[in-house]
Amino acid sequence: AANTDCFDEKGRAIRGKRQRNRSGRGKRVEAEYREAQRKSAAQRKHATIHPAREVALLAPVIRVEDQGFKFWQKQYGKRMMLTLPGLFLALLDRELNITNGLAERLPLRSAFSQYCICGSKVKKPRSQDWHCCQNPVCPIHGIRLNRHLFSAWLMRITASPELGGIPALHEGTLATSLIEQMGGVP
């Protein structure tokens, strides 16, 4: 072994910091590993730029729920390194600045996925992917809608000043257009 002073006479590692001699092969392996990690990070960043550009071209104002990165880290752990949601939002901000757009941050406490058009609020578990209002006076009563698409649509409508905010949701035409746009399942 190249580091005989790091082990005792029985071959066990001695605790504490010791000067280690690195072999030429070990240095090459470390350099190859570092290069592979660098290439992987560059490829992930490059793959994240294109979706950010596509989203920035969709509209001049993009509304995003302001989620903390600690939430994502608790939820997904090491997967955060591969998916890069923080990098995506940073690149989206950059692309919107280039195109004179705006990334509007909405507070997370608004809980759009728990609301319905009729104004009723029902807390749903994360595993529930469908929104189905049980209120009999609701214009979309009994129709199943994708929960994530519905909350995005609701966020867009309630934040639109031209529609007058939440009171505009009670119009039947909005409910009909929602069902047509999202392909609701009766």
Side-chain angles (χ1 to χ4, degrees), residues 1-3 6 13 15-115 123-132 144-160 178 180-185:
N3 301 300
C6 292
R15 288 186 154 198
K17 278 194 160 187
R18 305 240 184 259
Q19 180 66 31
R20 292 187 177 192
N21 299 324
R22 302 197 189 263
S23 65
R25 181 181 291 176
K27 290 177 184 176
R28 280 194 305 275
V29 168
E30 286 178 9
E32 289 171 6
Y33 178 76
R34 277 195 309 270
E35 180 65 13
Q37 291 297 317
R38 184 196 66 76
K39 283 182 179 179
S40 177
Q43 185 178 5
R44 285 193 305 267
K45 183 175 181 180
H46 183 72
T48 307
I49 288 174
H50 294 292
R53 285 185 182 154
E54 290 175 10
V55 170
L57 293 175
L58 290 176
V61 177
I62 305 292
R63 292 178 180 93
V64 181
E65 280 187 323
D66 194 16
Q67 294 182 347
F69 298 115
K70 284 186 179 180
F71 164 77
W72 281 335
Q73 224 166 7
K74 285 179 184 176
Q75 183 71 21
Y76 300 108
K78 288 186 177 179
R79 180 83 183 143
M80 289 278 294
M81 182 177 69
L82 300 175
T83 54
L84 304 171
L87 177 65
F88 176 77
L89 289 178
L91 291 172
L92 181 62
D93 281 341
R94 190 186 82 180
E95 293 297 324
L96 286 169
N97 285 339
I98 291 170
T99 60
N100 295 326
L102 174 68
E104 187 178 319
R105 308 260 186 207
L106 298 174
L108 185 61
R109 66 182 177 275
S110 51
F112 285 102
S113 64
Q114 297 176 10
Y115 282 99
K123 188 166 177 66
K124 303 176 185 92
R126 285 201 180 136
S127 60
Q128 184 178 345
D129 288 333
W130 294 95
H131 172 81
C132 186
R144 291 179 60 213
L145 300 168
N146 184 307
R147 173 185 176 181
H148 307 293
L149 291 176
F150 178 71
S151 65
W153 183 86
L154 195 60
M155 185 187 309
R156 179 179 147 244
I157 295 299
T158 56
S160 295
L178 167 70
E180 291 170 0
Q181 288 175 14
M182 299 180 61
V185 181

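For the single chain, residues carry numbers from 1 onward in sequence order.
Interatomic distance, CD of Q37 versus NZ of K39, reported as 12.0 Å (0.5 Å rounding). Atom CG in N97 sits 8.0 Å away from atom OG1 in T99 (nearest 0.5 Å). In this structure, L89 CG and D93 CG are separated by 7.0 Å, a value rounded to the nearest 0.5 Å. One finds the CD atom of E95 at 11.0 Å from the CD atom of E54 (value rounded to the nearest 0.5 Å).
None of L102, I62, L57, V55 except one satisfies the side-chain contact (heavy atoms from CB on, under 4.5 Å) rule with L96; the exception is I62.
Nearest approach of K27 to R22, heavy atoms of both residues: CE-O, 3.6 Å. Across all non-hydrogen atoms, the minimal contact from K45 to L91 is O-CD1, 4.3 Å. The shortest heavy-atom contact between T48 and P51 is O-CD, 3.3 Å. Residues A52 and L92 approach most closely at O-CD1, 3.6 Å, considering heavy atoms.
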Stepwise side chain to side chain contact (heavy atoms under 4.5 Å, CB included) test for R94 and R53 = CA-CA 9 Å; R94 190 186 82 180; R53 285 185 182 154; 4.2 Å; yes
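Checking S40 against R44 by side-chain atom types alone, a donor-acceptor pair falls below 3.5 Å.
Annotation: K124, atom NZ; neighbour count of heavy atoms from other residues, nucleotides and ligands within 6.0 Å is above 12. Few gaps surround CD on E35; more than 12 heavy atoms of other groups in view lie less than 6.0 Å from it.
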